[in-house]
Amino acid sequence: MSDLAICATCAVQFDVPVDDPPASCPICSDPRQYVGHGGQRWTSLDELRRENRSVTRPQGDFLGVGSDGHIGIGQRALLVPYGDSNLLWDCVALLDDALVEEIEARGGLAGIVISHPHYWSTMVDWAHRFDCPIHLPRVDEPWVMRPDPAISFWDGDTLALDHGLSVHRLGGHFPGASALHVPAVDGRRAALLTGDLPLAAADRRWVSFMWSYPNMVPLPADEVRRIAGILAGLDFDVLHSAFWDQQVDDAWSAVQRSADRYIAALQSIPEV
Ligand SMILES: [Zn+2]
């Protein structure tokens, strides 16, 4: 449905037409986002397609998917090899014919997995176009703005997928905030794909752990310690977070070192 309302600030699509939008976007009214500085604005997939073109380029061992113009929060998604097909990790609002053609040529999509509600965007359109399920943690169901049978809610702390891939619920940023673990295979390094948690820092030897990124509100030390503990149990060499080129190498150590620095910063002046 290309004329459904999409929030211009977070790019999440709602199940109402753009000419009859909600009074506000609950996702952007929440302290982890913000209402656009000119007030709440709406767009649609039709409008985004008129004004933007999809862009793909490699991100380490994966294919990054985004657009030439800034849409919503500006994240890119990743196409992750999955047997003869692919998984889409995170999602972007712009799905145009060129992108559909490129993904079909690479084997299509077997599923969509998204780190947290800020990146849900037009996930239902993607699922319908590629006839695949969307896997979301049930604890984040209240944030779904366009309910659809393609959405499959999972419970608990991990979701085991095929081909050795697994989704790990970290919480913290959102109750269901998750990361995708991709094991080493076919010469690819083991990878942790995250959204905002942890997020690569400007210095790519470090990551960070915030509750609200745009409003710069940290997570409590206990939460960072808990999340670092979950990630300590996973084996990965490289981390990609939500935006273009946010690749962290030697990532397992970087995550643990960054958690220590972050906790120290919350408790005292950090040693750097
Ligand atoms: Zn919004």
Side-chain angles (χ1 to χ4, degrees), residues 1-52 54-55 65-78 88-96 112-128 134-148 150-151 153 170-178 194-197 199 210-217 219 241-244 246:
M1 293 284 287
S2 307
D3 66 341
L4 294 181
I6 292 175
C7 171
T9 305
C10 70
V12 169
Q13 188 184 52
F14 289 62
D15 63 350
V16 292
V18 67
D19 57 9
D20 186 21
S24 64
C25 168
I27 291 173
C28 288
S29 304
D30 177 86
R32 286 162 287 191
Q33 252 289 107
Y34 62 98
V35 176
H37 302 153
Q40 179 68 52
R41 289 192 305 111
W42 300 95
T43 184
S44 66
L45 188 49
D46 283 338
E47 187 177 336
L48 293 176
R49 283 172 174 154
R50 281 195 296 272
E51 297 175 352
N52 302 270
S54 62
V55 169
V65 173
S67 59
D68 59 355
H70 185 92
I71 295 176
I73 296 171
Q75 79 277 10
R76 56 91 194 97
L78 292 175
L88 187 71
W89 169 249
D90 275 343
C91 197
V92 293
L94 181 65
L95 178 61
D96 61 16
I112 300 169
V113 189
I114 307 180
S115 61
H116 69 293
H118 287 160
Y119 301 148
W120 285 351
S121 60
T122 56
M123 60 182 177
V124 173
D125 280 303
W126 282 76
H128 290 178
I134 306 164
H135 303 284
L136 300 180
R138 191 178 303 279
V139 286
D140 284 345
E141 183 174 1
W143 296 99
V144 172
M145 300 301 156
R146 185 185 173 189
D148 190 89
I151 300 173
F153 291 104
L170 305 177
H173 181 40
F174 272 83
S178 301
T194 71
D196 290 353
L197 187 73
L199 189 79
M210 303 284 276
W211 181 71
S212 174
Y213 287 87
N215 298 314
M216 296 181 277
V217 182
L219 276 174
S241 59
F243 300 91
W244 287 107
Q246 286 190 326

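This is a predicted model, so every value here is computed, not measured. Both ligands and their constituent atoms are indexed starting at 1 by order of listing.
- When the ring-ring contact (aromatic ring centres under 6.0 Å, His included) test is applied to Y34, the partners found at least two apart in sequence or on another chain are H37.
- Remark: W143 engages F174 in a ring-ring contact (aromatic ring centres under 6.0 Å, His included) (not counting sequence neighbours).
- Residues F153 and H135 place their aromatic rings such that the two centres sit no closer than 6.0 Å.
- Screening D96, V65, D68 for a side-chain contact (heavy atoms from CB on, under 4.5 Å) involving S54 leaves a single residue, D96.
- Shown are the protein N/O/S atoms under 2.8 Å from the Zn ion (ligand 1), given by residue and atom: C7 SG, C10 SG, C25 SG, C28 SG.
- Under the salt bridge (Lys or Arg N to Asp or Glu O under 4.0 Å) criterion, the residue pairs touching residues 26-35 are D30-R32, with sequence neighbours excluded.
- A distance-only check finds no donor-acceptor pair linking the side chain of T194 to the backbone of D196 [under 3.5 Å].
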